[in-house]
Amino acid sequence: MTKPSFEQSKKAPIDSEALKKDAASIADTVADTEIADTFWANFKQTLVDVFKDKGVLLMLIIAPIIYGFFYPWPYSSEVVNNVPVGIVDYDRSDLSRTISRYASASPQLNTVNFVDEQQAKEAIWSDEIAGFMIIPAGLEQQVMAGKAASVSVLGNGGYFLLNKNVQTGFLQAVSTVSAGIEVKKSVAQGAYMPTAAQNTQAVPLQIAPLYNQTEGYGAYVVPAVSIIILQQTLLIAAAMLVGTWFEMRRHTTSIAGWLGRIAALSMLSFMVGCFYYGWAFELHNYPRGKNMLGSLLFLLIYCPTVATLGCVFGLWLRQRERSMQVLIFSSLPVFFMSGYPWPANQLPEVLQIVRWLVPTTPAINTSVQLNQMGASIAQVATGFYALLGLWVFYFIVLLLLRRRLAQKDSAVYKI
């Protein structure tokens, strides 16, 4: 029986050339990683990703430009005129016909005569008119006898703009006729005509609207809503882009890298903001350009603040579609919490606190004060400080989310 033979084990020779190649490859990988984490690398890559992603491009650039054209369009007439109204004349006297004639001459009203009050109410119910005036029987006799007399104006309070025009138009007509009656009485008592005319208004009232001289609804609402448009489109676009990066496992980067991403998104939104300030408001002849330098400084602070919040939502939601689902409905609540359409001190106390977590709360009033009212930077410094404070807060939250996700990823790798 033969003994098994054992061959002496030999160590494999070390291939120094292969080791050098591996070391060089590792060094190149590390260098590429360092470059990818720099500010400018992320800045450029974010711009590339925005223009490659049709959804983000549509939301960030195309949508706000389309809004700039079409949102102000319904308000192009600015002031509501020729509101259809009715007149129910039970008196059928010279005085009542004079009142009806003055009401018909008003540019705010388009009058129609009705036989009785019931017919006028039915016209309101069918949306044929927005309100009507009732001239009671015996009005002229009461006026001539020096007794107190009045007419009634009924308007559809469901449409406050139309109702305001109904009341204002009829008020001006009745006031003009009443003043004429007072002048005639004074002249009959021996007063001179100029003196009698002056005595009808012992203290004349002069109304001079500032900053919105046409008192147009578009000039009031569009400059404020444009700030909301900038916010919502940038928020959704940034959250969608970060959600896409997360799905592709490209969301991790350094602090400088996040600053580069925020700067790229802010730059594009800044350009859209300049489009609003420099062209959209000019096209629709809104009050503008009172403090253009301050408005540009405002955009330089506002856009990074919103972009940072969008990145926070993107890391929190971590899904591209979910970002749009969550953020798309928030425009209207954000607008009402801003304190622009409704006084902030009339909001519930909880909302008065929560609303300061949203950039549009200080942004809308700051923008309007700079661009329309010509306020100085010092006068709106509180708005600037609030936006800067929000940016710092959002960026800290972003870093905390970044750290938490990094810890989760490291724990998965260990498992």
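Judged purely by atom type and a 3.5 angstrom limit, Ser338 uses its side chain to pair as donor or acceptor with the backbone of Phe335. Arg320 places no side-chain N or O within donor-acceptor distance of the main-chain N or O of Val242, the cut-off being under 3.5 Å. Looking only at distances, no side-chain donor or acceptor of Ser367 sits under 3.5 Å from a matching main-chain atom of Ala363. Side chain of Asp53 to main chain of Asp49: no donor-acceptor pair is present (N/O by atom type, distance under 3.5 Å, no hydrogens or angles). No donor-acceptor pair under 3.5 Å is formed between the side chain of Ser269 and the backbone N or O of Ser266. No donor-acceptor pair closer than 3.5 Å links the side chain of Thr168 to the backbone N or O of Asn165. Looking only at distances, a side-chain donor or acceptor of Arg355 sits under 3.5 Å from a matching main-chain atom of Met337. At distances below 3.5 Å, at least one donor-acceptor pair connects side-chain atoms of Gln352 with backbone N or O atoms of Leu347. Judged by distance alone, the side chain of Gln379 and the main-chain N or O of Ser376 form a donor-acceptor pair under 3.5 Å.
Annotation: cation-pi pair Arg261/Trp245 present, NZ/CZ under 6.0 Å from the ring centroid and within 45° of its normal. Seen from the ring of Tyr90, Arg92 does not count as a face-on cation partner, given the 6.0 Å and 45° thresholds.
More than 12 non-hydrogen atoms from other residues, nucleotides or ligands lie less than 6.0 angstrom from CH2 of Trp356. Atom OH of Tyr67 sits in a sparse spot, with 12 or fewer heavy atoms from other residues, nucleotides or ligands closer than 6.0 Å. Annotation for Glu349: atom CD does not count as buried by contact number, only 12 or fewer foreign heavy atoms lying within 6.0 Å. At most 12 non-hydrogen atoms from other residues, nucleotides or ligands lie less than 6.0 angstrom from OH of Tyr159.
Leu405 is not listed as a side-chain neighbour of Thr252, based on a closest heavy-atom distance of 4.5 Å or more. Counting heavy atoms from C-beta on, the side chains of Ile236 and Ser323 never come closer than 4.5 Å. Side-chain contact between Val222 and His284 is absent, with no heavy atoms from C-beta onward closer than 4.5 Å. For the pair Phe395 and Leu259, the minimum side-chain heavy-atom distance is below 4.5 Å. Side-chain contact between Lys290 and Asn371 is absent, with no heavy-atom pair separated by less than 4.5 Å. Between Met133 and Val85 the shortest side-chain heavy-atom distance does not fall below 4.5 Å. Annotation: side chain of Gln45 is in contact with side chain of Val48 (closest heavy-atom distance under 4.5 Å). For the pair Leu60 and Thr233, the minimum side-chain heavy-atom distance is 4.5 Å or more.
Summarising the geometry of Pro287 relative to Tyr211, their closest heavy-atom pair is CG-O, 2.9 Å, with the distance given to 0.1 Å. Contact detail for Phe114 and Gly86: the closest heavy-atom pair is CE1-CA, 3.5 Å. Looking at every heavy atom in both residues, Ala120 comes nearest to Ile129 through O-CD1, 3.6 Å. Minimum interatomic distance between Ser330 and Gln232 (heavy atoms only, all atoms of both residues): OG-NE2, 2.9 Å. In plain terms, the two heavy atoms of Leu57 and Val50 that are nearest each other are CB-O, 3.5 Å. When every heavy atom of Lys121 is checked against every heavy atom of Phe132, the shortest pair comes out as CG-CZ, 4.0 Å.
Taken from CG in Leu109 to CG in Asn81, the straight-line distance is 9.0 Å, to the nearest 0.5 Å. In this structure, the separation between CE on Met324 and CZ on Phe313 is 14.5 Å, given to the nearest 0.5 Å. To the nearest 0.5 Å, the span separating CD1 on Ile65 from OH on Tyr276 amounts to 8.0 Å. Taking CG of Leu265 as the reference point, atom CG of Leu241 lies at 6.0 Å (rounded to 0.5 Å). Separation of atoms CD (Gln108) and CG (Leu171) is listed at 10.0 Å; rounding is to 0.5 Å. Atom CG of Leu234 and atom CD of Gln231 lie 8.5 Å apart (nearest 0.5 Å).
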Which donor-acceptor pairs under 3.5 Å do the side chains of residues 380-394 make with protein atoms, sequence neighbours left out?
{"residue": "Trp391", "atom": "NE1", "partner": "Thr308", "partner atom": "OG1", "Å": "2.9"}
{"residue": "Tyr394", "atom": "OH", "partner": "Leu357", "partner atom": "O", "Å": "2.5"}

Using a 3.5 Å cut-off and no angle test, enumerate the donor-acceptor pairs between side-chain atoms of residues 291-300 and protein atoms at least two apart in sequence or in another chain.
{"residue": "Asn291", "atom": "OD1", "partner": "Gly294", "partner atom": "N", "Å": "3.0"}
{"residue": "Asn291", "atom": "ND2", "partner": "Ala375", "partner atom": "O", "Å": "2.7"}
{"residue": "Ser295", "atom": "OG", "partner": "Asn291", "partner atom": "O", "Å": "3.0"}

Working for side chain to side chain contact (heavy atoms under 4.5 Å, CB included), residues Ile135 and Val88: CA-CA 6 Å; Ile135 302 177; Val88 180; over 6 Å; no
Test Ile124 against Leu154 for side chain to side chain contact (heavy atoms under 4.5 Å, CB included), laying out the working first. CA-CA 10 Å; Ile124 281 189; Leu154 292 85; 5.5 Å; no
Stepwise side chain to side chain contact (heavy atoms under 4.5 Å, CB included) test for Met59 and Val56: CA-CA 5 Å; Met59 189 60 62; Val56 174; 5.9 Å; no
Checking side chain to side chain contact (heavy atoms under 4.5 Å, CB included) for the pair Val83/Val166: CA distance, chi angles, key distance, verdict? CA-CA 7 Å; Val83 178; Val166 171; 4.1 Å; yes
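Ring centers of Tyr75 and Tyr71: under 6.0 Å apart, within the cut-off. For Trp279 and Phe69, the distance between ring centers is under 6.0 angstrom.
A salt bridge does not link Asp89 with Arg97: none of the charged nitrogens is closer than 4.0 Å to a carboxylate oxygen.
Using bins of under 30°, 30° to 60° and over 60° for the plane-to-plane angle, the ring pair Tyr220/Tyr217 lands in the tilted bin.
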